[in-house]
Amino acid sequence: MKRLLAGAIALSLPLAAAALDAPTFDAQRLSSDVKTLSSDAFEGRGPATAGETKTIEFVTAQMQAAGLQPGGDLKDGQRAWTQAVPLLRSQITGTPKLSLAHGGTTQALAQGEQIAVRAPMDGSKAVSIADAPLVFVGYGVKAPERKWDDFKGVDLKGKIAVALINDPDFETGKGDFGGKAMTYYGRWTYKYEEAARHGALGLLIVHETAPASYGWATVKNSNTNTMFDIVRDNPAATHPKLEGWIQRDLAVELFKRAGLDFDAQKKLAQTRAFKPVVLKDTLSADYAVDAQVITSHNIVGRIEGSKYPDETVVYSAHWDHLGVGAPDAKGDTIYNGAVDNATGTAALIEMGRAYAKGPKPERSVVFLAVTAEEKGLLGSEYYAANPLYPLGKTVAVINTDALDPNGPARNFTTSGSAKSDLLDQLIADAKATGLTYVSDPHPEAGHFFRSDHFPFAKRGVPALSYGSGNDLVNGGLAAGEAAGKDYTKNRYHQPADEWQADWTFAGMVHDLPILYKLGNDLANSRRWPDWAKDSEFRVTRDASAGERK
Ligand SMILES: [Zn+2]
């Protein structure tokens, strides 16, 4: 996922490697890695397919040849090259029966129309809910560090909560939740988690296009198909039984029947004075579920630190893509994922090669190729929930996803702009090579929460996702933006995201030494970068401060 994708013929920009005293990266190797990973033989790298087997073989062989050690699951005292990632695949079978009841009348709801309900994430084979009360919980936020609690101790056992999307200050643009920018409290994943922590039977999120940053079609398409999650020890701690969205129009009706005005309630929910309101309607739901566990893998290479082996710097990139799917206009069914994310995977392999060739770092460095990003950041979520190396002693996570195989550019970006010492250091290192930082142009869209660094950030580990720039050395912003638009329209998540012989990889050759320096300096220091003081992740990080002495 990225927004500043650029593309053009390379001209020269002073090489970052020289400016930073970092190793050089070989364009030919990057190109060949991307070409192999995105070839039709890899079948679009779908998790738990033959494409996964090929990907694991290739990435492992490259890491081994580069001189990395296996850093995955521990079996009989030996590390494997992979971490097994059990995934729950869950799908509603048939048409779900969904209805509201009020004052003796029943109103049927059509899946995908007024409501979009997800398959349950707890492995259950059926969902059967009869007349569960609905409770409006405002934005569904509990943020002690901001002295904000929408729940006010309400009992949600056996009830369906109804919440607004984004965070309480999105509409006013000013307040304690980053103004227009989205904090994690605004993200739908957070809202389900928080509702689960309150023991709710279900949560329905009210869809509104502006605060969601996408239309109902996106909600419908991404919630009514097959769902995936990591297999969790206690899924009920993360997922209410019923998770879904409702259209705004339906919410307005529900409020009206409870004698409430939707907009007035929303205004109230934007203040600390808000209290949960029990609505007059109840919800019934009945559907069968096909739930199965499949196993995919993260691929893990490692260099053990010479002085502080139990402290870890992580480089990450997702290896998976969409696999084989619906044909495009040319009849192509293989979603090759060359840019997304063979480029990041190639960068990870070549980063490992650079480290293995260089002086041994004092702290350990892990090269983590994660699976199932395209199914909701699941490989990174699984690693972060089941870390092979303790998160409290994980110094930083540097992620790359969909780098620009052309370039170079005069700027760069990150997915989201959450403030941290790590981002500050990256900006400084990049500046030394002539690159300027462009903060996320659409912080309200929540891109920070949609890339693989996020499962780490959520658990307090300083983490970021690097994105290639769009102010091209050759052609400037106009060329960069045109190339970005062209990619989004014609190749992003389509079978046409394929390797091209004319890609120079000059941008990646320029930029990767910056990411090398960022990680390598940390791997040879006693520094522990932290989140900014007002960050929602700092509290979590501070809780493990004892591990870092
Ligand atoms: Zn991606």
Side-chain angles (χ1 to χ4, degrees), residues 1-7 30 33-34 37-38 42-47 49 51-52 55 59 85 87 189 214 218 222 228 296-299 314-325 334-349 351 367-384 397-406 412-416 440 442 445-457 463-470 483-484 487-499 503 507-508 511-512 515:
M1 191 58 231
K2 75 190 302 249
R3 298 152 313 287
L4 291 180
L5 198 97
L30 289 165
D33 294 346
V34 171
L37 286 162
S38 63
F42 283 62
E43 296 175 36
R45 302 187 306 281
T49 66
E52 164 162 349
T55 305
V59 174
V85 178
L87 297 175
T189 51
Y214 37 75
T218 301
S222 50
F228 289 84
S296 186
H297 300 83
N298 292 330
I299 311 168
V314 176
Y315 286 92
S316 64
H318 74 90
W319 63 254
D320 71 299
H321 194 59
L322 302 170
V324 175
I334 300 176
Y335 289 64
N336 304 79
V339 166
D340 184 11
N341 184 31
T343 55
T345 309
L348 186 75
I349 291 168
M351 189 64 73
F367 303 88
L368 175 64
V370 294
T371 183
E373 185 270 353
E374 306 285 8
K375 304 206 180 311
L377 312 180
L378 297 182
S380 51
E381 174 69 18
Y382 187 83
Y383 180 98
V397 175
I398 302 163
N399 185 62
T400 51
D401 190 352
L403 295 172
D404 184 353
N406 295 287
F412 76 99
T413 187
T414 50
S415 298
D440 189 332
H442 298 290
H447 289 290
F448 186 79
F449 316 113
R450 290 151 77 169
S451 212
D452 283 311
H453 68 284
F454 180 64
F456 294 92
L464 55 79
S465 276
Y466 184 91
S468 309
N470 64 346
Y487 171 74
T488 306
K489 181 160 174 272
N490 299 314
R491 288 185 297 284
Y492 172 69
H493 282 196
Q494 296 170 47
D497 183 3
E498 292 179 334
W499 177 85
W503 282 347
M508 286 171 67
D511 293 1
L512 290 176
L515 300 185

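Heads up: numbering here begins at 1 and tracks the sequence. Both ligands and their constituent atoms are indexed starting at 1 by order of listing. No hydrogens, no waters, no symmetry mates; every other heavy atom, side chains included, goes into these values.
Summary: OD1 is the N/O/S atom of Asp340 found nearest to the Zn ion (ligand 1).
Ser38 and Asn336 are not linked by any side-chain donor-acceptor pair at a separation below 3.5 angstrom, with hydrogens and angles left out of the test.
Using bins of under 30°, 30° to 60° and over 60° for the plane-to-plane angle, the ring pair Phe412/Tyr466 lands in the parallel bin.
The two residues Asp320 and Thr371 come nearest to each other via the heavy atoms OD1-C, 3.6 Å.
The Zn ion (ligand 1) has no N, O or S atom of His321 closer than 2.8 Å. Residue Asp401: an N/O/S atom is found under 2.8 Å from the Zn ion (ligand 1).
Rounded to the nearest 0.5 Å, atoms CD1 (Ile299) and CD (Glu52) are 7.5 Å apart.
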